[in-house]
S.K.: 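I'd like to ask some things about the structure below.
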Protein chains: 2
Amino acid sequence: MSTSARRPRLKGEEVQLLKILAGSGGDHVPVVLTSREAGERIGVSQQAADRYLMALDKEGYVTRTFGARKQRLLLTPLAVDLLRKEYHGYRRIFEGPAKVTFRGTVSSGLGEGRYYLSQPGYVVQFTERLGYTPFPGTLNVRVSPSDMLKVGSVKHWSGIRIDGFQASGRTFGGATCYPGILGGPVSHLIIPDRTHHQDVVEFISAVSLREALRVKDGDGIDVEIREA
Amino acid sequence: MSTSARRPRLKGEEVQLLKILAGSGGDHVPVVLTSREAGERIGVSQQAADRYLMALDKEGYVTRTFGARKQRLLLTPLAVDLLRKEYHGYRRIFEGPAKVTFRGTVSSGLGEGRYYLSQPGYVVQFTERLGYTPFPGTLNVRVSPSDMLKVGSVKHWSGIRIDGFQASGRTFGGATCYPGILGGPVSHLIIPDRTHHQDVVEFISAVSLREALRVKDGDGIDVEIREA
DNA sequence: ATTACTAGGTATCGAGTAC
DNA sequence: TGTACTCGATACCTAGTAA
């Protein structure tokens, strides 16, 4: 029923604390920070800082461990995600829309793409929002482990939204599209909402990318992905 | 007497509004944003949003102009500075210490450097905090206009602090130093606190950089500046 | 020392509304 | 339409103080 509980927005002071922790390496190792010092750093009392830290703990942004005297704080992935999103927001202001380029290898799909791209619920959205009716098949590109991290940051960008829907008694999830430059026709990267941290990304276009680019499984391919 | 009035810290909501304005180009052109829409964007009422905008105006972060119906908002340099500082804070978390590289041309100093670098008040600080006693003369590098912007961002970085002092009945201002890589001996960029947006930056080292690098006025030179 | 509770004062919010 | 005021209600902060 409920995939995401209503998450009360974090206050500015709480985000500040997350930033301080991240700056001290709190994203990968527990960091000592007393509520008093936390309060001094953000300009509030020890009591208020402590409340913020308790709230951050309860909301799942930090995990606290108590030593004999002082607590240690470790950021959760949720917090790192939030900070990265903030970072990207600023980055976009000063550096413009983001893009990422990498080299991958063409890999065979599981045939799933064809099935999904045939669903009318998706087709109408693609046609409206992407400007073309997609060829019913995706070009799958395998990402090397060293590029996984930077490609993964794409999910924080603003993209073209494809909504989920219900049809034929089952649920089809949503996805987000990003303009992709593969050296051929206009195409888009698709990131399903429910992705499994795969090392394969999928591209769609109005025509068969395999044919248009004259590539086959195992070929290397240069890819650029842009923010929408 | 008072160089900087006590500036009450901006609230999270106010910073959010600045971000929204910056994202709409409000840093260089007035942007239409009604208090109602502002409120919706940050999740508060029209009244609260309006109060925030009034406060931002009064504090000198935005300038408002009123048309027939809707107000237009333009960010001041103060606001852009604040956002850039935030950006850099996040950048440092995710990308590590910043650095910037550019190509400039060696230019003749005004001989001022020699005078300042002879002041004992400066010499003791340089020796202590930089690890060497500077040669009494600076290497001046002219920055091309296209690189001015990125070089200018250096002033937001964390650097090595040199404090101002009083001596011989006059005041000597403070400055901040940043490690510089010029292809020769260890050297530092110096940014005086009271800088005049010059297109010339100054480097110091333990020896004469002119001699060590065998450069003369007008020569091109590759420079890298790092965060401390 | 810490973290964290209660009490009470104040800052801030949104509704209503004037302009 | 807009912006911006007054006015209760309440959310939040700090001080005091347990644990």
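Bear in mind the structure is a predicted one, so any value in this text is a computation, not a measurement. Each chain gets a letter, A, B and so on, in the order the sequences are listed, and its residues count up from 1.
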S.K.: The helix from C:dT2-D:dA19 to C:dC19-D:dG2: angle between its terminal axes, five pairs each, to 10°?
M.R.: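 The end axes of the helix from C:dT2-D:dA19 to C:dC19-D:dG2 are about 40° apart, to the nearest 10°.
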S.K.: For a 4.0 angstrom threshold against heavy atoms of chain B, report the outermost contacting nucleotides of DNA chain D in 5' to 3' order.
M.R.: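 First-to-last contact on DNA chain D, by the 4.0 Å heavy-atom rule, is D:dT1 to D:dC5.
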S.K.: So, using salt bridge (Lys or Arg N to Asp or Glu O under 4.0 Å) as the criterion, who are the partners of A:Glu227 when residues are at least two apart?
M.R.: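 Testing A:Glu227 for salt bridge (Lys or Arg N to Asp or Glu O under 4.0 Å), a comparison that skips the adjacent residues, returns A:Arg92.
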S.K.: For a 4.0 angstrom threshold against heavy atoms of chain A, report the outermost contacting nucleotides of DNA chain C in 5' to 3' order.
M.R.: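 Here the contact window of chain A covers C:dA1 to C:dC5.
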S.K.: Under the salt bridge (Lys or Arg N to Asp or Glu O under 4.0 Å) test, which residues partner B:Arg91, sequence neighbours left out?
M.R.: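 Salt bridge (Lys or Arg N to Asp or Glu O under 4.0 Å) check on B:Arg91 returns nothing, list empty.
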S.K.: What pairs of donor and acceptor atoms, side-chain ones from residues 142-154 of chain A against any protein atom, are under 3.5 angstrom apart with sequence neighbours left out?
M.R.:
{"residue": "A:Arg142", "atom": "NH1", "partner": "A:Asp199", "partner atom": "OD2", "Å": "2.9"}
{"residue": "A:Ser144", "atom": "OG", "partner": "A:Ser146", "partner atom": "OG", "Å": "3.2"}
{"residue": "A:Ser144", "atom": "OG", "partner": "A:Asp147", "partner atom": "OD2", "Å": "3.3"}
{"residue": "A:Lys150", "atom": "NZ", "partner": "A:Thr101", "partner atom": "O", "Å": "2.9"}
{"residue": "A:Ser153", "atom": "OG", "partner": "A:Lys150", "partner atom": "O", "Å": "2.7"}

S.K.: Considering only residues two or more places apart or on different chains, which pairs with a residue in residues 119-128 of chain A satisfy side-chain hydrogen bond (donor to acceptor under 3.5 Å, both in side chains)?
M.R.: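 Those involving residues 119-128 of chain A are A:Gln125-A:Arg129, A:Thr127-A:Thr133.
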S.K.: Pick the closest DNA chain D nucleotide for B:Lys70 and for A:Glu13 by heavy atoms, then say which residue is nearer the 5' end.
M.R.: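 Result: B:Lys70.
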S.K.: Near DNA chain D, which residues from residues 43-58 of chain B have a heavy atom under 4.0 Å away?
M.R.: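 B:Gln46, B:Gln47, B:Asp50, B:Met54, in order of number.
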S.K.: Within the distance-only criterion (no hydrogens, no angle test), does the side chain of A:Thr138 pair as donor or acceptor with the backbone N or O of A:Phe203 below 3.5 angstrom?
M.R.: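 Looks like no, no N/O pair under 3.5 Å.
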S.K.: May I ask you to check if B:Arg64 and B:Phe66 form a cation-pi contact, with NZ or CZ under 6.0 angstrom from the six-membered ring centre and within 45° of the axis?
M.R.: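 No - B:Arg64 does not lie over the ring of B:Phe66 by the 6.0 Å and 45° rule.
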S.K.: Take B:Thr65 and B:Arg72, measure what side-chain hydrogen bond (donor to acceptor under 3.5 Å, both in side chains) needs, and give me the verdict at the end.
M.R.: CA-CA 5 Å; B:Thr65 53; B:Arg72 283 169 183 275; 5.5 Å; no
S.K.: Any pair with a residue in residues 10-21 of chain A that passes side-chain hydrogen bond (donor to acceptor under 3.5 Å, both in side chains), sequence neighbours left out, goes on the list, sorted by first then second residue, please.
M.R.: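 Pairs touching residues 10-21 of chain A that pass the test: A:Gln16-B:Arg9, A:Lys19-B:Glu86.
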S.K.: How close do B:Cys177 and B:Ile162 get, counting heavy atoms only, and between which atoms?
M.R.: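 Heavy atoms only, the tightest pair is SG-CG1, 3.8 Å.
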S.K.: Residues in side-chain contact (heavy atoms from CB on, under 4.5 Å) with B:Val124, at least two apart?
M.R.: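 Scan of B:Val124 (side-chain contact (heavy atoms from CB on, under 4.5 Å), adjacent residues dropped) gives none.
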S.K.: Please enumerate all residues that pass salt bridge (Lys or Arg N to Asp or Glu O under 4.0 Å) together with A:Arg84, with sequence neighbours excluded.
M.R.: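 In terms of salt bridge (Lys or Arg N to Asp or Glu O under 4.0 Å), with neighbours along the sequence ignored, A:Arg84 is linked to no residue.
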S.K.: Under the rule for salt bridge (Lys or Arg N to Asp or Glu O under 4.0 Å), what residues qualify as partners of A:Arg36, not counting sequence neighbours?
M.R.: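 Result, salt bridge (Lys or Arg N to Asp or Glu O under 4.0 Å) vs A:Arg36: none returned.
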